[in-house]
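Only one structure is covered here, and it is reproduced in the block below.
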Amino acid sequence: MKFLKAIFSRWVIISLLILTQIALFCFILFIASSEYVYVSLICDIFSLLVLLKLISVDENPNHKIPWIIVLLILPPVGLLIYLIFGKSYISKKHSRLYQSVNDRQKNYIDQDEETINELNNIDKKYYSQSTYINKTSNSPIYKDTKVEYLNDGKVYFERLFDDIKNAKKFVFLEYFIFGEGRLLDELIELLHQKAKEGLDVRVIYDDVGSIKVLPYNFHKQLESMGIKCVKFNKYTPIVSVVYNNRDHRKIAVIDGDIAYTGGVNVADEYINYIEKFGYWKDNGVRLYGKAVSNFTLMFLKTYDIYSNTKTNYEDYLCLNDDFKYQSDGYVQPFGDGPSPIYDNYVGENVYLNIINQATKYIYITTPYLIVDHTLMTALANAAKRGVDVRIITPGIPDKKLVYLVTRDSYRFLIKNGVKIYEYQEGFIHAKTVIADDEVCVVGTINFDYRSLVHHFECGCYMINCSCIKDIKEDFINTLEKSKYPKKKDYNSKNFLKRIFISILKFFAPLM
């Protein structure tokens, strides 16, 4: 029964229909270009124009080279594959809406000069990083904010549920995955109660991310309870490049002065109610204070654009300047996303800056390690200059093909002095970068191509916050439950396996 249910699921049926369309388009294009010279000539000219455009565009060469090869060796089918999978695409309608919302939100985004000048006097490298984040994602840095580290999904949701129970004005939730189960049932019951109390309750979830674990009409179920809902990028049986751009963010905002982010989604495995890949190790942070405004505006931007509404932002922001929160270092929540909404690879560049600026150590946890040459080289160079670079990846994978490519990345890094560990008790899903006891990022951004290029992501950049010592302690505790991989695990002598992994690496942008 489970097999039949899976075969006839919405996910499988729509995916098969889309793949059938792609195969049909490729077949027609191939036959037409073979039979008719002018069709072949048109395809060649168009491929050449796309190739020239791809070469000239201001983009990371490591992201362009695989597609250049595809265009050269698979004409004209390679052209179709590139147009479907190779580009981020935001419709003209949504581009206009993004610009409109950005213009409206500018009135509420204001960097406090005293805070940024104080940071400049403390350390210019962190001042420069903060300035970069603000310029590329419209996210100021704040001082009047306290951050609490949550070292697993169970603790995360216990704290979140308590805050939702005590909410007085509104609850905003944005998650990549909402999955049927005990955790979601408890959450819906709680949200329904708050909606009945008259609170403004809003939910955003990614349709592709949740399609295997949610019923099709889930958004209607929420709306019937008085919960406003947006289903991001509805998955339909029509070929579209918009599926490249998924909402991978995890954000909760309560009453404008409490926010959460981290790796956890709303599904039972994230709090170990059920076991899928051993113990699920995840993390998150709870913010209390002024910096929550960045997450509030981030959520409302997505909500307004994809529900075609206009929220009065002032009603939802922490705007009371007389109310001072306990200061705990510097806190800067930021967003990242695909071009042209974001002109820079914000998440990748934030990671690169931390790696390049570190002098003592860099500790990283990530479920996937499929990055371009720039990041690989930065990690290797940090190790070569004497920085203690340690990375923890899963010992039990959730995606076996991705795991093969992740392990293949070990060879270059280990050769250059980076220490790699695999978490032995299960799957580590936390996305964390810590350096020098001073700076840290916790958020949703994986060390993989899709997170760094195509997805909408978010993170929390922290400087000299007291929670950094807790994050480091959790890393050390996790390290004790991890071990070095064996050389045969990442340096296979099998010729066919090496060829297979090389092919997988070539298609890493699709993983």
Side-chain angles (χ1 to χ4, degrees), residues 51 53-72 81-82 85-88 129 132-133 136-137 244-246 248 336-358 362 364-385 387 389 391 393 399 401-418 420 431-433 435 441 443-457 459 490 498 501-511:
L51 184 62
K53 175 68 175 177
L54 185 58
I55 291 171
S56 63
V57 72
D58 186 16
E59 188 175 320
N60 190 327
N62 300 290
H63 302 160
K64 295 191 292 185
I65 289 172
W67 293 115
I68 291 173
I69 294 173
V70 168
L71 288 168
L72 288 173
I81 294 173
Y82 169 74
F85 296 108
K87 291 184 66 62
S88 294
Q129 171 86 301
Y132 170 80
I133 292 172
T136 55
S137 68
N244 274 339
N245 309 134
R246 301 172 190 171
H248 194 244
D336 188 14
S339 173
I341 302 305
Y342 289 82
D343 294 332
N344 289 253
Y345 299 128
V346 183
E348 180 173 7
N349 288 330
V350 168
Y351 284 168
L352 278 169
N353 288 339
I354 293 174
I355 293 166
N356 290 331
Q357 293 169 354
I362 304 162
I364 296 170
T365 61
T366 179
Y368 317 116
L369 189 57
I370 308 174
V371 294
D372 60 32
H373 183 70
T374 305
L375 263 171
M376 293 281 278
T377 303
L379 290 165
N381 287 342
K384 286 177 180 178
R385 67 175 186 264
V387 178
V389 184
I391 303 174
T393 63
K399 301 170 186 174
L401 294 181
V402 175
Y403 190 53
L404 283 175
V405 183
T406 290
R407 278 186 154 183
D408 189 68
S409 300
Y410 296 174
R411 289 186 300 119
F412 174 81
L413 294 173
I414 291 174
K415 178 182 176 181
N416 286 280
V418 176
I420 307 287
K431 308 98 166 51
T432 308
V433 179
V441 171
T444 69
I445 310 167
N446 294 319
F447 276 73
D448 69 6
Y449 182 90
R450 299 211 63 83
S451 268
L452 299 173
V453 176
H454 286 309
H455 289 174
F456 288 91
E457 303 280 359
Y490 62 86
R498 294 295 320 147
I501 292 174
S502 296
I503 294 171
L504 288 178
K505 289 180 72 174
F506 183 80
F507 289 102
L510 301 181
M511 292 184 177

Legend entry - Atom of N245, atom of P338 and distance for their closest heavy-atom approach: ND2-CB, 3.5 Å

Legend entry - Which atom of Y342 lies closest to which atom of S137, heavy atoms considered: CE2-CB, 4.0 Å

Inset, instruction - Return yes if some donor-acceptor pair links the side-chain N/O of S409 with the main-chain N/O of L369 below 3.5 Å, else return no. - result: yes

Inset, instruction - Taking all heavy atoms of L452 and all of G347, pick out the closest pair and write down the distance. - result: CD2-C, 4.3 Å

Inset, instruction - Would you mind reporting whether V350 and D336 have side-chain heavy atoms less than 4.5 Å apart? - result: no

Inset, instruction - Please examine the side chains of L379 and I391, heavy atoms only from C-beta on, and report whether any two atoms are closer than 4.5 Å. - result: yes

Inset, instruction - Report the distance from atom OG1 of T377 to atom NZ of K384, rounding to the nearest 0.5 Å. - result: 8.0 Å

Legend entry - Any V453 side-chain heavy atom under 4.5 Å of Y345 side chain: yes

Legend entry - Closest approach of N416 to A380 (non-hydrogen atoms, all atoms of both residues): CB-CB, 3.6 Å

Inset, instruction - Enter the distance from N349:CG to Y132:OH here, rounded to the nearest 0.5 Å. - result: 3.5 Å

Legend entry - Evaluation steps, side-chain contact (heavy atoms from CB on, under 4.5 Å), between I355 and L375: CA-CA 9 Å; I355 293 166; L375 263 171; 3.8 Å; yes

Legend entry - Donor-acceptor contact present, side-chain R385 to main-chain N356, <3.5 Å: yes

Legend entry - Spatial distance of atom CZ (F456) from atom CD1 (I341) [nearest 0.5 Å]: 5.5 Å

Inset, instruction - Could you pull out the closest heavy-atom pair between A378 and L352, with the gap in Å? - result: CB-CD2, 3.6 Å

Legend entry - Whether Y351 side chain and I445 backbone form a donor-acceptor pair below 3.5 Å: yes

Inset, instruction - With sequence neighbours excluded, tell me which residues meet salt bridge (charged side-chain N to carboxylate O under 4.0 Å, His left out) with R411. - result: D408

Inset, instruction - Side-chain contact test, heavy atoms from C-beta onward, threshold under 4.5 Å: evaluate it for R450 versus Y368 and give yes or no. - result: no

Inset, instruction - Measure the shortest side-chain to side-chain distance between K431 and P367 over non-hydrogen atoms and say whether it is less than 4.5 angstrom. - result: yes

Legend entry - Straight-line distance of T393 OG1 to F447 CZ, nearest 0.5 Å: 12.0 Å

Inset, instruction - Give, for atom CE of M376 and atom CD1 of I370, the distance between the pair rounded to the nearest 0.5 Å. - result: 10.5 Å

Legend entry - Separation of N446 CG from T444 OG1 (nearest 0.5 Å): 7.5 Å

Legend entry - Closest heavy-atom pair and its distance - A358, I362: CB-CG1, 3.4 Å

